[in-house]
Amino acid sequence: MIRAALIGNPNVGKTEIFNRLTGLSQRVGNFPGVTVEKKAGRMIHRGQEVEVVDLPGTYSLTAHALDELVARDYIVMERPDVIVDIVDGTNLERNLYLTLLLLEMDANLVVALNRWDMVAARGMKIDVEKLSELLGCPVVQTVAITGEGLEDLKNSIVEVAGQKNAKENRAVQNYGDDIEQLINRVEDVIQKSPAPVEKYPRRWLAIKMLEGDERVMEQTRASLSSPQLAEILSIIEAGEAAIR
Amino acid sequence: MSTKRQLTDLRPGEKGRIIAISTSGTVRGRMMDMGLVAGSEVKVIRVAPAGDPVEVLLRGYSLALRKKDAVNVTLEVD
Ligand SMILES: Nc1nc2c(ncn2[C@@H]2O[C@H](COP(=O)(O)OP(=O)(O)OP(=O)(O)O)[C@@H](O)[C@H]2O)c(=O)[nH]1
Ligand SMILES: [Mg+2]
């Protein structure tokens, strides 16, 4: 069975797409330990069974808001086979921020460029092929309210789930030499950890540590030795001093 | 010549480019997540009575900011 999760900014059309993908097979529950609603459903496409989870709508993936944390934990802990990032095609600049955060989390991504009807109606032009090339993942135009493009989206979900090298070309945000150096140094320390540091992707973990993300600090404390923690803290301090 | 002004000093219709966000921690991170970063163009759409909240247009969408956060945004205005 393929496990897919839908994510996107609030009000982009996630529920419409979720309904079209899963039809009447939906179940509503909660994410473990929190009262954030979890909707899951199933679809069968090209003979493959796909479980689809509707994640909370978020602009970002910080540890400060419960919805964001739930979405983020689901992605890093449950490691779904495919993340479907639903993007409002009429507001790419706003929406692609989350897309880049997802790529940074090493997610196996498919982007649904939704509201394609409105993109066309407003006379906006988007070079979908170029966007797909820049992000390094499939981009599919959809109109959730009519179902246009949903077959293409289903095809992409099944295809990406079956690809071993799906993430090879994905875009990596470069933060400039100063920050990249700090990221590398923290990654080096993490790599020497005696116990595996959760299931987090290493680069993402290093970036979150540099940001001082409380959740990540708390969860990794047990896996790192105290000299390692001290080294990481000194890198963070040096970095902060350099930036100021 | 451009001048330096706080976001709360702008009237509806006026716009500027962000040069600094002078706050720290969670609030700063949140503001940056919403696209308020150095270089972003911001236009004031509406200001509620007593200046709280302020509605601005940035990156093609509108965002409401509390006065106490908006006051920390410094803009370069032409
Ligand atoms: N024109 C047009 N409207 C759409 C499209 N997709 C969604 N909508 C409309 O956008 C609104 C939001 O859709 P939802 O599916 O509820 O969005 P959502 O992402 O689940 O929203 P939240 O759960 O509140 O974050 C609804 O009024 C939809 O009818 C689309 O492709 N084209
Ligand atoms: Mg919804």
Side-chain angles (χ1 to χ4, degrees), chain A residues 7-12 56-69 71-72 87-102 104-105 113 115 118-119 122-126 173 175-176 179 207-217 236 239-241 243-244, chain B residues 2 4 6-8 10 12-48 52-78:
Chain A
I7 194 166
N9 285 6
N11 200 41
V12 290
T58 65
Y59 290 111
S60 179
L61 294 167
T62 64
H64 304 308
L66 184 59
D67 277 7
E68 297 187 11
L69 196 54
R72 175 174 123 174
V87 161
D88 177 353
T90 65
N91 196 343
L92 276 189
E93 191 175 1
R94 176 90 213 71
N95 282 247
L96 288 180
Y97 177 63
L98 181 65
T99 310
L100 290 179
L101 293 176
L102 291 166
E104 195 159 86
M105 290 173 85
L113 211 47
R115 295 223 166 98
M118 291 169 72
V119 171
R122 290 189 192 174
M124 299 167 78
K125 294 246 173 349
I126 299 173
Q173 172 75 33
Y175 293 100
I179 308 281
I207 293 169
K208 291 300 126 185
M209 288 183 144
L210 286 167
E211 288 175 4
D213 187 286
E214 310 107 63
R215 174 77 156 200
V216 155
M217 287 308 209
I236 296 173
E240 279 176 356
I243 289 163
R244 246 177 232 128
Chain B
S2 62
K4 250 168 83 170
Q6 298 314 113
L7 180 53
T8 39
L10 264 59
E14 289 189 300
K15 63 182 178 194
R17 191 177 295 275
I18 297 179
I19 50 177
I21 309 267
S22 48
T23 180
S24 62
T26 311
V27 175
R28 182 189 177 84
R30 191 78 210 152
M31 287 168 84
M32 289 173 76
D33 278 340
M34 299 308 289
L36 291 164
V37 292
S40 296
E41 273 239 3
V42 174
K43 181 178 177 179
V44 174
I45 305 172
R46 292 189 293 185
V47 181
D52 202 3
V54 186
E55 187 181 346
V56 300
L57 186 73
L58 85 152
R59 299 174 185 269
Y61 80 104
S62 72
L63 175 70
L65 286 164
R66 290 176 300 189
K67 188 180 180 179
K68 67 178 173 104
D69 296 326
V71 77
N72 291 318
V73 180
T74 310
L75 305 162
E76 188 175 44
V77 181
D78 285 328

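A, B, ... follow the sequence lines: proteins, then strands. Residue 1 opens every chain. Here the structure is a predicted model, which means the values were calculated and not measured.
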Quiz: residues 18-25 of chain B side-chain donor-acceptor pairs under 3.5 angstrom, not counting sequence neighbours:
| unit_1 | atom_1 | unit_2 | atom_2 | d |
| --- | --- | --- | --- | --- |
| S22(B) | OG | N72(B) | O | 3.2 |

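For the options L98(A), N91(A), T62(A), L92(A), heavy-atom pairs under 4.5 Å to chain B are most numerous at N91(A).
Heavy-atom proximity under 4.5 angstrom to chain A picks out R30(B), D33(B), M34(B) from residues 29-43 of chain B.
Expressed to the nearest 0.5 Å, how far CZ of R59(B) lies from CZ of R94(A) amounts to 8.5 Å. In this structure, OH on Y61(B) lies 13.5 Å from OG1 on T90(A), to the nearest 0.5 angstrom.
Using a 4.5 Å cut-off between heavy atoms, E68(A) touches chain B through its side chain atoms alone.
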